[in-house]
Amino acid sequence: MATLQDFAVDVRPTWCPGCGDYGIWNALKRAFVQAGFDPEDIMMVTGVGCGSKMNDYMRIGGLHTLHGRSLAVATGFLLANTGRKVITVHGDGDGYGEGGNHFLHTVRRNMGFVDLVENNQVYGLTRGQVSPTSRAGFRSSTSPSGALDRPINPLALALSQGATFVARGLSLDLPQLQYLITEALGHRGYALIDVLQVCVSYNRAMSYDWYRERAYKVEEEEGYDSSDQAVAMAKALEYPGDGRIPTGILYRTEDVPAYEEGIAALSAGPLVEQPLRTRPIEDYEELVREHM
Ligand code: SF4
């Protein structure tokens with residue numbers, strides 16, 4: 001069985017001291033160990049952003065993609081190789097902004113991978129522009145008078161499109177985040193974990209204390225039923241808002257097949273392990289003639 005040391009690399013992260021990415025980094029490695037994965041079992045697909053450097057800092061399979069394209073590339077990778085555990089890790093701008101369209105379609109397909117979104121509510125790598133999850137009134141280099149747009153609610157959006165696993169974590173709560181990732185890794189279909197992450201350089205108002213004062217765990221509420229979609233939606237709508245922030249697994253069902261389960265060609269095993277079937281060269285020549 002793999003240990004934390006097996007996931008270690010001799011590369012130091014370049015994140016700012018105090019960045020929430022450190023907590024996410026640690027929780028990911030611990031969850032991989034807890035879930036019983038070896039480094040070669042994992043394929044982490046990332047986009048562009050501070051936290052998208054995540055796969056540089058651990059010994060696993062990694063793919064860096066274009067900005068906002070993590071989910072599309074992860075979909076392609078998973079369909080080619082269902083033998084690997086796929087996880088996407090990217091920021092809120094990458095996931096809900098540039099990749100917003102991919103987000104909707106990945107949810108409705110119920111692709112069988114984990115999607116961890118580092119939601120610091122600002123573009124950090126490019127020095128603090130307003131992002132799709134920034135609060136209205138948020139002052140940034142691109143919204144000096146305060147953002148006019150209202151923020152996206154990713155959990156409510158995912159639920160409205162039929163998401164089968166919807167969770168929120170905090171970068172400052174490592175045990176809870178480890179638990180959420182471990183559970184998501186065992187989920188049958190698409191598992192969204194929106195992680196509220198502290199950006200100490202460009203979103204100082206939403207500090208560690210700011211989150212501590214507002215966050216609570218839904219599982220600590222008496223009678224909370226994470227299999228009830230309507231209850232989950234009501235929780236999801238609490239934040240963004242001015243009140244408390246629900247965290248934990250808001251909704252989960254294992255009753256919906258993952259997209260790849262419905263693909264007949266995969267019943268014989270991962271595509272990459274199936275023999276390559278080639279057709280005679282005359283077939284291709286005929287095809288070329290048809291289109292000339
Ligand atoms: Fe982290 Fe923000 Fe620094 Fe990026 S800019 S490394 S998100 S603290």
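Everything quoted here is computed from the prediction, not taken from an experiment.
Between the side chains of N119 and Q197, not a single donor N or O lies within less than 3.5 Å of an accepting N or O. With 3.5 Å as the limit, one finds no donor-acceptor pair spanning the side chains of K53 and T46. Between the side chains of S52 and H64, no donor N or O sits under 3.5 Å from an acceptor N or O. Side-chain contact of S131 with Q121: a donor-acceptor pair under 3.5 Å is absent, judged by distance alone. H187 and E254 share a side-chain donor-acceptor pair at under 3.5 Å.
Here the closest non-hydrogen pair linking Y208 and V200 is CE1-CG1, 4.4 Å. E219 and G248 get closest at one heavy-atom pair: OE1-CA, 3.9 Å. Residue S171 comes nearest to V198 through the heavy atom pair OG-N, 3.5 Å, listed as atom of the first residue, atom of the second, then distance. Nearest heavy atom pair, residue F77 against residue R84, reads CE2-CB, 3.9 Å. A pairwise comparison of heavy atoms in L192 and P154 identifies CD2-O, 4.1 Å as the closest pair. In terms of heavy-atom proximity, N81 sits nearest to P270 at OD1-CB, 4.0 Å.
The closest donor-acceptor contact from the side chain of S143 to the backbone of F138 lies under 3.5 Å. A donor-acceptor pair under 3.5 Å is formed between the side chain of K85 and the backbone N or O of L185. N153 places a side-chain N or O within 3.5 Å of a backbone atom of Y239 that can act as its donor or acceptor partner. Checking side-chain atoms of D228 against main-chain N and O of V231 turns up a donor-acceptor pair under 3.5 Å. At least one donor-acceptor pair closer than 3.5 Å links the side chain of T75 to the backbone N or O of L71. The backbone N or O of V130 lies less than 3.5 Å from a partner atom in the side chain of S140, making a donor-acceptor pair. The backbone N or O of G112 sits less than 3.5 Å from a side-chain atom of E260, completing a donor-acceptor pair. No donor-acceptor distance shorter than 3.5 angstrom exists from the side chain of E98 to the backbone of G95, with no hydrogens or angles considered. Looking only at distances, a side-chain donor or acceptor of S141 sits under 3.5 Å from a matching main-chain atom of G128.
When the ring-ring contact (aromatic ring centres under 6.0 Å, His included) test is applied to H67, no partner is found at least two apart in sequence or on another chain. R289 meets the side-chain contact (heavy atoms from CB on, under 4.5 Å) test with E285, E286; sequence neighbours excluded. Legend: residues meeting side-chain contact (heavy atoms from CB on, under 4.5 Å) with Y179, ordered by chain and number and at least two apart, are E183, I249, R252. Every residue was checked against the salt bridge (charged side-chain N to carboxylate O under 4.0 Å, His left out) condition with D255, not counting sequence neighbours, and none meets it. Residues satisfying the side-chain contact (heavy atoms from CB on, under 4.5 Å) criterion with Q274, sequence neighbours excluded, are A268, L271. Residues satisfying the ring-ring contact (aromatic ring centres under 6.0 Å, His included) test with Y202, not counting sequence neighbours, are none.
Clustering ILVMFWY residues whenever any of their side-chain heavy atoms sit less than 4.5 angstrom apart, transitively, puts L155 in the very cluster that holds Y224.
The other residues sharing a hydrophobic cluster with M292 are V288, where clustering joins ILVMFWY side chains under 4.5 Å apart.
Pairs of residues two or more places apart, or lying in two chains, that qualify as salt bridge (Lys or Arg N to Asp or Glu O under 4.0 Å) and include a residue from residues 205-214 are D209-R212. Note on residues 245-281: no pairs pass ring-ring contact (aromatic ring centres under 6.0 Å, His included), not counting sequence neighbours. Under the ring-ring contact (aromatic ring centres under 6.0 Å, His included) criterion, the residue pairs touching residues 97-134 are Y96-F103, with sequence neighbours excluded. Residue pairs meeting the salt bridge (Lys or Arg N to Asp or Glu O under 4.0 Å) criterion with at least one member in residues 186-207, sequence neighbours excluded, are R168-D194, R188-E261.
Counting non-hydrogen atoms of other residues, nucleotides and ligands closer than 6.0 Å to CG of D283 gives a total above 12.
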N/O donor to acceptor pairs below 3.5 angstrom from side-chain atoms of residues 23-31, sequence neighbours left out:
{"unit_1": "W25", "atom_1": "NE1", "unit_2": "Y57", "atom_2": "O", "d": "2.9"}
{"unit_1": "N26", "atom_1": "ND2", "unit_2": "Y22", "atom_2": "O", "d": "3.2"}

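A salt bridge does not link R135 with D149: none of the charged nitrogens is closer than 4.0 Å to a carboxylate oxygen.
Seen from the ring of Y216, R244 counts as a face-on cation partner, given the 6.0 Å and 45° thresholds.
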request  = Kindly indicate, with the supporting measurements, whether the criterion side-chain hydrogen bond (donor to acceptor under 3.5 Å, both in side chains) is fulfilled by D94 and S70.
outcome  = CA-CA 8 Å; D94 193 279; S70 322; 3.3 Å; yes

